[in-house]
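Here is how names work: the chains are called A, B, and so on, in the same order as the sequence lines, proteins then strands, and each is numbered from 1.
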There are 2 protein chains.
Amino acid sequence: MTKRVYFFGDGVADGESAMKNLLGGKGANLAEMSRLGIPVPAGFTITTDVCTEFYEAGEKFPAALEAEVFENLRKVEAVMGAKFGDPGNPLLVSVRSGARASMPGMMDTILNLGLNDTTAKGLIASTGNERFVYDAYRRFVAMFSDVVFGIGKEGSHNNFELILEAKKHARGVKQDIDLSAADLKEVVAEFKAFFVSRMGRAFPDDPREQLFAAVGAVFKSWGNDRAKAYRAMYNIPNEWGTACNVQAMVFGNLGDDCATGVAFTRDPASGEHRFYGEFLINAQGEDVVAGIRTPQPVSKRPGEEGPLSMAEAMPAAFGDLERIYKKLEAHYKDMQDIEFTVQRNKLWMLQTRNGKRTGFAALRIAIDMVDEGVIDQKTAVLRIDPEAVTQLLRPIFNPDDKAKAIKDGRRLAKALPAGPGAAAGKIVLTAAKAEEQVKKGEKVVLVRHETSPEDIRGMTVSEGILTARGGMTSHAAVVGRQMGKVCVVGCHELDVDYANKKITIGGKSFNEGEWLSLDGFTGEILAGEMPTSPSEVLQVLFEGRDPAGAENYQRYAKLMSWADGLRRLKVRANADQGDQAANAIKLGAQGIGLCRTEHMFFGGVKIDAMREMILAEDKAGREKALAKLLPLQRDDFAAIFREMKELPVTIRTLDPPLHEFVPHTDAEIQDLAQKTGIPAETLKAKVESLHEFNPMLGHRGCRLGVTYPEITAMQARAIIEAALDVAKEGVDVHPEIMIPLVGFKSELVDQEKVVRAEIAKVFAERGATVNYTVGTMIELPRAALTADKIAESAEFFSFGTNDLTQTCMGLSRDDSGPFLKQYIDKGVIEQDPFQTLDQEGVGQLVEIAVLKGRKTRPGMKIGICGEHGGEPNSVEFCHRTGLDYVSCSPFRIPVARLAAAQAAAREM
Amino acid sequence: MTKRVYFFGDGVADGESAMKNLLGGKGANLAEMSRLGIPVPAGFTITTDVCTEFYEAGEKFPAALEAEVFENLRKVEAVMGAKFGDPGNPLLVSVRSGARASMPGMMDTILNLGLNDTTAKGLIASTGNERFVYDAYRRFVAMFSDVVFGIGKEGSHNNFELILEAKKHARGVKQDIDLSAADLKEVVAEFKAFFVSRMGRAFPDDPREQLFAAVGAVFKSWGNDRAKAYRAMYNIPNEWGTACNVQAMVFGNLGDDCATGVAFTRDPASGEHRFYGEFLINAQGEDVVAGIRTPQPVSKRPGEEGPLSMAEAMPAAFGDLERIYKKLEAHYKDMQDIEFTVQRNKLWMLQTRNGKRTGFAALRIAIDMVDEGVIDQKTAVLRIDPEAVTQLLRPIFNPDDKAKAIKDGRRLAKALPAGPGAAAGKIVLTAAKAEEQVKKGEKVVLVRHETSPEDIRGMTVSEGILTARGGMTSHAAVVGRQMGKVCVVGCHELDVDYANKKITIGGKSFNEGEWLSLDGFTGEILAGEMPTSPSEVLQVLFEGRDPAGAENYQRYAKLMSWADGLRRLKVRANADQGDQAANAIKLGAQGIGLCRTEHMFFGGVKIDAMREMILAEDKAGREKALAKLLPLQRDDFAAIFREMKELPVTIRTLDPPLHEFVPHTDAEIQDLAQKTGIPAETLKAKVESLHEFNPMLGHRGCRLGVTYPEITAMQARAIIEAALDVAKEGVDVHPEIMIPLVGFKSELVDQEKVVRAEIAKVFAERGATVNYTVGTMIELPRAALTADKIAESAEFFSFGTNDLTQTCMGLSRDDSGPFLKQYIDKGVIEQDPFQTLDQEGVGQLVEIAVLKGRKTRPGMKIGICGEHGGEPNSVEFCHRTGLDYVSCSPFRIPVARLAAAQAAAREM
């Protein structure tokens, strides 16, 4: 028989902490605490499997559940010495959700369940506190009506709140606390009357009916919109379901010998090793969270001023708590987030779980625990969310400053946090304006509908970038991250009025030149100027600050050295310029995995020559323009080779459709006509002829090189001439020439021939050679499926998983934002495939290509250079699939190093 | 040791007709004729493998070749009684290409090789005909210089021709024949002097040097542009290479007891069983082809007037020829295309091969041969190119009319033959104009840059469609074929000037209203009106003509019944309307494989309601508009169900991006604003918000249904209400509801739920049910890769190979035309993947999906409904892969039936 209900309490438990999948985090930890002999109010957990059964049966309980619940309820009654529904000595219970992963506040809870007019009288008798009982009763009626029947909160009104307000008004009092027991008894009656008016039936007085209705409501709350959105955000699968915990109530609000509190075993913000938390005397748990009364600290530093601490106010209970929290941290070997209640001087533990913490705290706690001998280095590496490391690299807003700004109504909107960090600057609406203002010494935030390659120089000088369109892999996001810019994208509340030089966000208007602040960690947009502090780690790495006093840097360096000792995957950078390469090296890059040559083409002289090349009438015209580009590209490549020294540098030949480079507005075309002497009409016709319905699937990648081999030849020449120049300086350069968008082996063969022929010419001219390889991107399903053939020509593969995702799914990165959001909200997909590699689908193509490629060419070097190369889950997939390296934007390198180490550690 | 050279002659041969891959068609047949004891001038074939070796070695011969060639040359000398290079009795040879597949005129030939001043004298001695010898000599020098050294033809000048003209001018004569032996001897010297002036070296006089230079030139001609283009057109792989035949010369121009001719064993145009061909007395083979002298018929019908036939002029040689051609046809069991020469009354056979023929002739010959007991029915079915059958369905131009028109300079250009048939009409440039003119009783040809779904009604009424852009699967081509329209697309020479209502083709201008004729078999565009005749088959099938006198129809019907008896694959139609369904049934459809519901949305009331739906502010607005569409769709579906009766009908829910349905010009938007009362500005903003960068990868297919489930619900309701209506009339309807563009199982689950829920409602309302199934398109790589999961929900699969090709290759059908052409020209790919399914790449996805789908759901029904469903190679692939059916446009059904039969027959 399937066991559906797990008892805990009185030093025993059916479950344990390892059973999180079945009992949820809360249930598993309650069981574990009980087993550890820690005082926990008795209760039982209905499993996550029952939640799944419930949904599969069309929101119905399995038949056998009722008997099992009542059997366990009898055990609880025995332990707690009270009976559920008993008129004399009634047991009250709480009914709470508890999923495998913590989803704080997303699902529903009902407290004080089991109350009706009869049991209320019994509770008055057993507690001797009538006011307390009617207060609990009115809270229960409101909570139960809301959670189970969805009534009470209509529009912006909370009807129960209004009834309570009316009662206070009638009694001439201001605070709930001033209402008497009799008043609250009336309120209960009025709440129930409201229930009848809405539901056309009496409020359920039978505690058993209350119990099953509450359990059903908790299961249903797994499917509410908030919970779905939260799961989407944190990649929690919909199938997991929630468990439901039914637990005896204990009360922190029976008098001054009662209290309730929440605490962390170490500081969750800084990671400092001190007991940190808050409590309230004579209060219920929700009062601590609600912030109506100012809570007191659980403990104070020696000599610290302020309200009495729990250590001072309730020394006996605090002594118990101190003993228990230390036991729990030692047991779980991690910082704990605990909830407790003191009822008539007896301490009860209501929850323990691994505490959420900032990146700074995560690092400090992990390293401290290694120093304390609690965990080993491998565990420390596994303990830290790779994403959290980025916090150590970014400038930040002071949390107090931000909280105040939000309180002052300065938060305008929240969008996608594409580039972490904090930035403030004056609003500019064009890249040109950005450059102009920065030259004058201003700090700017570039605000656009979207950015394009032409905006790159403007983006480079901006403090932050904000766009109305696009997702986490839009141009702004990708380029912004690579530059290490603070970047917030896809802000639907943003409207940009270029003509009138103003923007509107969340209903408020700002003119160009007004201040705006962006929090790239959270995606928040704030009005006005917020001061920022630079990251300590980058001060050391980039600005030469003495590491001696820089504790965060030291911890970062220590963790990274542990990680590098564990990982097998190499980590490279996507970088297109010498300065980016220099940053990448400082952040730990072991090579460049993707140098996008087209990014080099933007900028005054280069873009003109590029346009001249594209708009040329014939091959001769193209070659003339290419001759102008050659020395410029060569210099760019040389700068990169100088920075990278003996590390490999993978350079991709021209990839984007030519249409991206040409001017589109009449004014720009006129301007180009003047520069080139070609009639504007001719230019316009040529620009129009480059238009494509689906440029992503059009004339781009190696298709350009096949039809215009002179472009490939020029690029091969520029790469090798630069390599020879730098080799002459004594550097052992390793250029890897990568052909993009290959679908057919014959395309690669064609381009390889062009590359090798041109390089042979360069070698002959120079009388010198360097080693180089020619490989290809695998970014089309056909390339993956025919990788065995392509590997006959390719010396290496690099997965372009952005394009591979687009083609495998038939999904445009630039167009899918709006409906992908709906997909995630509806639970049709669980995560944005452009952020996290779709292992089920796209992953199969990667696996096929690795298998087939290495079958033809054993030990072939294979990497990934899509945006996924810096995303932890995807990095783990790359490790599992046997790739040699991942490549990502420079500021993602530490994330990738840590993720790669974790993948290796998990495998051990 | 590899055998590289194969001897033939004197009743023996190293090779035989089965060795076409190695010896080429010509070489294999020369060997076979020799073995059959047919008089063939002795010679030898250098294999196609040597051609491959030649290219792989950088255009160098394998070392062992020379000795083997000379060894075989000695055998030829022995048989022919003359010696190569011998001053007294020299042997001359021809050097000819000969690939596996016939590529007439594409590669090079050199005749009379072995001549120099010395051997010329010897030949004069052995033939006694000095003029003949110098004529042969001057021809050889010109041909050799051109083929081996590429000189002589510069720009539009043929320098050798000019020298000859000058000589005639100097002698005061008009014709070559009037030049004397001495004149020609001078011409030879002048040709050689020209050679020296161009090449800076003497003309190669050594026969051995001549021989190897000629063989090399023949191999190189495999790689010339003409040959590549031809191979691309006929899907001949580049790897095949050509063989090279070296054969003793025989001469038809030694006097009046000599002749040369070409003939077919049956009439290649009509298929009539009679010997059909032409010959010339005292002439070389090239004279017959060149058309300088009017050739005589080889035989005449009893009592036929005209020049002497060969039977009359050379009865003895004709007797031999008659005996031989009958022997050859009986041996090869197929109509032969033969070449022969009579040298001093002795008949020599120079070539035999299966003759090319029209579709009409193919059918007649195959059926006649079955009747004659030469071949069996299966062979007859295999004998006919499935594409050729379409000729029997299309209206045609009279070949004489067309030849005259071309002679008169009325052929303007040649583009892609997208929809076969012949059409003439007055030029119209808009769909609206087409409708307007047709209402007035005019015949029109619609000429556009490209067509879009809005042009459908205009296309329906046009005789033919001509576009400047797009390929064989462009909108115009797909829709045109489905309608059975004559359609020529991608005409780069065409310029459409909408503003001035005129077009330019090949430099000539035409105004709207002038006549234009299109040959959809060949892609030719002709100025003016060409009369057309309707196809006999369609007269019987569609117009009720008595089949008794319709011989072509009878043959068609007989062949199709044989084919249907052989095939395993079912053939369905892509059809969206009742009348298309009716046509499909007449052409043999066994169901509808793809009904595109969106095609139904065009047309006055429907498009307005559709636009109202798309531009609605909210779900309520959409539902209001959908309510208008419901009865219209229901009627469309009912019409189809009535035609299809008990056959299955697969209906796809809405697929294209909504942007395709909305108006785009300001005028159209204004018009819609008036109709709907929505401000034009609002409409414009909404239309702009629908814009996508890559609509092919955007918000379309099931993604529309997931975000707007009310659309799917309406369509499901319309389908099932129609099914119930028609079921009530006593028809056993079989609707299959197909969800497009599924990439994730969850998408299909979502849509299936919507469909089944709505249908349950309809069943309840009507109190009646029908059987239906819900399945999906497999048209994304991700769907193919996860077909095992998708099959948990899908009851059937249908491959959408157009989209699957686009996504697998990352290649836009609409944008790839220009560079795909270059790809094919350069040999990077061999055929347009949108015409012929890419079995190596896309085919893997099909195989994976079939395997995985049937693993989950054994015996699952799987079909294909992309354009490939009517393409013979792709049909064969579908047969091999175990699909249940192919679906194609109605007029492709006979092609698919025949191709499916051939696939089954080949497997037997």
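A:Ile848 touches chain B through its side chain: at least one heavy atom from C-beta onward sits under 4.5 Å away, while N, CA, C and O do not. For chain A, the nearby part of B:Lys789 is the side chain; its heavy atoms alone come within less than 4.5 Å. When heavy atoms are compared at a cutoff of 4.5 Å, B:Asp838 approaches chain A solely by way of its side chain, counted from C-beta outward. Looking at B:Glu747, the atoms closer than 4.5 Å to chain A (heavy atoms on both sides) sit in the backbone and in the side chain alike. When heavy atoms are compared at a cutoff of 4.5 Å, B:Ser816 does not approach chain A at all. For A:Glu692, the parts sitting under 4.5 Å from any heavy atom of chain B are the backbone and the side chain alike. Of the two parts of B:Glu840, the backbone and the side chain both hold a non-hydrogen atom closer than 4.5 Å to a non-hydrogen atom of chain A.
When all heavy atoms of B:Phe693 and A:Asp815 are compared, the pair lying nearest together is N-OD1, 2.8 Å. For B:Pro709 against A:Lys826, the heavy-atom pair with the smallest separation is CG-NZ, 4.4 Å. Contact detail for A:Asn694 and B:Met696: the closest heavy-atom pair is OD1-N, 2.8 Å. Contact record, A:Thr786 with B:Gly841: CG2-CA, 4.4 Å, taken as the closest heavy-atom pair. Across all non-hydrogen atoms, the minimal contact from A:Arg703 to B:Met809 is NH2-O, 2.8 Å. Nearest approach of A:Leu785 to B:Cys808, heavy atoms of both residues: CD1-SG, 4.1 Å.
Ranked by heavy-atom pairs shorter than 4.5 Å toward chain A, the options B:Leu811, B:Asp803, B:Leu780 are led by B:Leu811. For the set A:Gly810, A:Ala783, A:Gly698, the entry with the most heavy-atom pairs within less than 4.5 Å of chain B is A:Gly810.
Other residues, nucleotides and ligands contribute more than 12 heavy atoms inside 6.0 Å of the NZ atom of B:Lys852. For B:Lys821, the NZ atom is loosely surrounded, since the number of other residues' heavy atoms within 6.0 Å does not exceed 12. Counting non-hydrogen atoms of other residues, nucleotides and ligands closer than 6.0 Å to NZ of B:Lys684 gives a total of 12 or fewer.
At a threshold of 4.5 Å between non-hydrogen side-chain atoms, the residues A:Tyr823 and B:Val706 count as touching.
With A:Ser746 contributing its side chain and B:Val828 its backbone, the two residues share a donor-acceptor pair below 3.5 Å.
Expressed to the nearest 0.5 Å, how far CZ of B:Phe744 lies from CD1 of A:Ile829 amounts to 5.0 Å.
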